[in-house]
**Q** 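This is the structure, below, for whatever I ask next.
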Amino acid sequence: MSKIVLITGATSGIGQACALEFAAAGFDLVICGRRDERLQKLAADLKAHHNIKVITLSFDIRSREEITRAMESLPAEFRCPDILINNAGLALGVSPFQDASFSHWEQMIDTNLKGLLYLSGIVAPLMVERGSGHIINIGSIAGRDVYPGGNVYSATKAAVDSITKSMRIDLLPYGIRVSQIAPAATETEFAKVRFGGDEERAKAVYQGFEPLTATDIAEIVFFTATRPAHVNISDVLVMPAAQAGSNFIFRKKTTEQ
Ligand code: NDP
Ligand code: 8X3
């Protein structure tokens, strides 16, 4: 039987690239996100090109009720994935702490941390019962290293780092691997979302250097998930070659500058 991978945030960026990567290798997928139209299109494309099963689950990861309902709607054999990729997440704004918006703070905490906990809290006991599984959390360089205006986004990703380590210890006796992949600057819809849809501002984030692509990260996630059962890649920090930390990106000057 094929292995099943459940990917959150599969409507865009890193999550979508993970879906492509695992589909190409013949894994069955459960792909999640709020934008159902994108999920349907991705599922149709994947099924047209690969001999795999794809189930779409449209829910807001901030809602425990929606997650529970969505997970209960799955056919029994899909309820406990072999691999859970906790990827859904976002940053909103880069305001200094004193100017920041409470609703941005709440949305980042509810999505990046509470959403990850709610879903993992449903899946982990099933993995424990089965005695196998792999949970891969998408953290961030922002979880290890703060930068101006990164305040609450950084805090949510530091929490992902911490919960990953804690999950690894608690799940150790049950044969469940827990990994964190922590990307640095990766060109996806992330910056556009962060800046409220402002394409120009988002483009400027990646100007003067070559950022990572979603595929760069998906390949690492795939490699991590496909090591032999006795190997756990527990933590990976991935940066573009032009980056040396949250506050150090070497940008080439363009003619307009
Ligand atoms: P994208 O904006 O391209 O993708 C984010 C995904 O998260 C979308 O599929 C979106 O789906 C989903 N998502 C956001 N909010 C919710 C919600 N409330 N409920 C369900 N799904 C939600 O960004 P990336 O691919 O870059 O981001 C993926 C992960 O990588 C995030 O956790 C991010 O923090 C992390 N990361 C990104 C980096 C970067 O530079 N891009 C660097 C380090 C980490 P939908 O809107 O359809 O619900
Ligand atoms: C995304 C990377 O540096 O924009 O997690 O916070 S950064």
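Counting from 1, the numbers follow the sequence of the chain as shown. Counting convention: from 1, in listed order, for ligands and their atoms alike. Since the structure is predicted, the reported quantities are computational estimates derived from the model, not experimental observations.
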**Q** Would you mind running through ligand 1 and noting each atom that sits below 4.0 Å from a heavy atom of F59?
**A**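 Going through ligand 1 atom by atom, the ones under 4.0 Å from F59 are 19 (N), 20 (C).
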**Q** Do N86 and L119 touch side chain to side chain, with heavy atoms closer than 4.5 Å?
**A** yes
**Q** Looking at F190, I'd like to know if the NZ or CZ of R194 sits under 6.0 Å from its six-membered ring centre while staying within 45 degrees of the ring's axis.
**A**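 Geometry flag: not set, cation outside 6.0 Å or 45°.
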**Q** Among G89, G9, G13, S58, whose heavy atom sits nearest atom 27 (O) of ligand 1?
**A**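 Nearest heavy atom to atom 27 (O) of ligand 1 lies in G89.
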**Q** Backbone N or O of I233 within a donor-acceptor pair of the R227 side chain at under 3.5 Å?
**A** no
**Q** Answer yes or no on whether R251 is positioned over the face of F209, meaning its NZ or CZ is under 6.0 Å from the six-membered ring centre and within 45° of the axis.
**A**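 The answer is no, since R251 fails at least one limit relative to F209.
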**Q** Looking only at protein heavy atoms, identify the closest one to atom 17 (C) of ligand 1 and say how far it is in Å.
**A**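 The protein heavy atom lying closest is R34 NE, 3.4 Å.
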**Q** Please check: side-chain N/O of D60 versus main-chain N/O of R34, any donor-acceptor pairing under 3.5 Å?
**A** no
**Q** Heavy atom under 4.0 Å from ligand 2: found in R194's side chain, backbone, both, or neither?
**A**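 Under 4.0 Å from ligand 2, R194 contributes side-chain atoms alone.
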**Q** Heavy-atom contacts with Y147 under 4.0 Å: which atoms of ligand 2 show up? List them by number with element.
**A**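 Checking each atom against Y147, I get 3 (O), 4 (O), 6 (O), 7 (S).
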**Q** Which protein non-hydrogen atom lies closest to atom 42 (C) of ligand 1, naming both residue and atom, and how far is it?
**A** A184 O, 3.3 Å
**Q** Could you tell me whether ligand 1 has any atom less than 4.0 Å away from a heavy atom of G139?
**A** yes
**Q** Enumerate the atoms of ligand 1 whose separation from the nearest heavy atom of A10 is less than 4.0 angstrom.
**A** 9 (O)
**Q** Please list the nearest protein heavy atom to atom 25 (O) of ligand 1 with its residue and the distance rounded to 0.1 Å.
**A**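 For atom 25 (O) of ligand 1, the nearest protein heavy atom comes out as I14 N, 2.8 Å.
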